[in-house]
Amino acid sequence: TQDLPMRDATATAAEAMFADAAAAGLPLRLTSAYRSFESQTRINAQLVQQLGQERADIASARPGHSEHQTGFAIDVGPLSGVCDLQACFGETAEGQWLVANAHRYGFMLRYPDGLTAITGYAYE
């Protein structure tokens with residue numbers, strides 16, 4: 001994994017998951033991990049400016065409400081960068097491998113497609 005801060009247990013699990021994905025020929029990269037309150041504030045403010053408050057609220061948690069602030073959440077993408085941080089990542093071989101295997105390492109797809117009304121967040 002890249003040098004992004006996260007809890008030790010999260011880092012250990014992510015390293016094992018990334019090693020197994022690479023061994024399967026599907027190398028992954030860490031795109032985001034722990035975010036401070038200040039970092040989440042900056043990200044959220046940028047999204048509000050770009051999208052407006054209503055759309056920003058389903059794209060990113062407000063400061064103090066982001067799971068990234070716990071150090072347990074990570075965002076993952078393909079090493080190739082194809083569909084990185086986009087919904088189409090779920091259609092790639094890497095994304096499909098994650099859906100099938102992430103639970104083995106203690107991770108889950110937190111915001112599944114089609115469940116925005118329940119989760120409050122867009123598919124990610």
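Computed from heavy atoms alone, side chains included, the values below leave out hydrogens, waters and symmetry copies.
Among residues at least two apart or in separate chains, there is no disulfide (SG to SG under 2.5 Å) pair with a member in residues 23-64. A disulfide (SG to SG under 2.5 Å) check over residues 48-78, counting only residues at least two apart or in different chains, returns nothing.
Take A56 and apply the side-chain contact (heavy atoms from CB on, under 4.5 Å) test, not counting sequence neighbours, and it matches L47, V48. Residues satisfying the salt bridge (charged side-chain N to carboxylate O under 4.0 Å, His left out) test with R62, not counting sequence neighbours, are D57. Evaluation of the salt bridge (charged side-chain N to carboxylate O under 4.0 Å, His left out) rule for D75 yields R35 as partners, not counting sequence neighbours. Contacts of S60 classified as side chain to side chain donor-acceptor pair (under 3.5 Å), with partners at least two apart in sequence or in another chain: Q40. Listed by chain and number, the residues in a side chain to side chain donor-acceptor pair (under 3.5 Å) with E67 are R110, Y111 (sequence neighbours excluded). By the side-chain contact (heavy atoms from CB on, under 4.5 Å) test, S80 is found to be paired with P78, V82, residues two or more places apart in sequence or in another chain being considered. Annotation: side-chain contact (heavy atoms from CB on, under 4.5 Å) contacts of R42 (sequence neighbours excluded): S39, Q46. Among residues two or more places apart in sequence or in another chain, the side chain to side chain donor-acceptor pair (under 3.5 Å) test is passed with R104 by N101. The side chain to side chain donor-acceptor pair (under 3.5 Å) search around N44 returns none, not counting sequence neighbours.
If you take OH on Y34 and NE2 on H68, they are separated by 12.0 Å, rounding to the nearest 0.5 Å. Here the OG1 atom belonging to T12 is positioned 13.0 Å from the CZ atom belonging to R7, to the nearest 0.5 angstrom.
Of all non-hydrogen atoms in P5 and A33, the two that sit nearest each other are O-CB, 3.2 Å.
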Mind running side chain to side chain contact (heavy atoms under 4.5 Å, CB included) on V76 and F107 for me, showing each step along the way?
CA-CA 11 Å; V76 177; F107 296 107; over 6 Å; no
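In terms of modelled atom types and a separation under 3.5 Å, the side chain of T116 and the main chain of Y121 share a donor-acceptor contact.
Note on L26 and I74: same hydrophobic cluster, where clusters join Ile, Leu, Val, Met, Phe, Trp and Tyr whose side-chain heavy atoms are under 4.5 Å apart, directly or indirectly. Hydrophobic clustering (side-chain heavy atoms under 4.5 Å, transitive across Ile, Leu, Val, Met, Phe, Trp, Tyr) groups L28 together with L30.
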Side-chain donor/acceptor pairs under 3.5 Å, residues 83-100, sequence neighbours excluded:
unit_1	atom_1	unit_2	atom_2	d
D84	OD2	R29	NE	3.4
D84	OD2	R29	NH2	2.1
T92	OG1	F89	O	2.7
T92	OG1	G95	N	3.0
Q96	NE2	E91	O	3.3

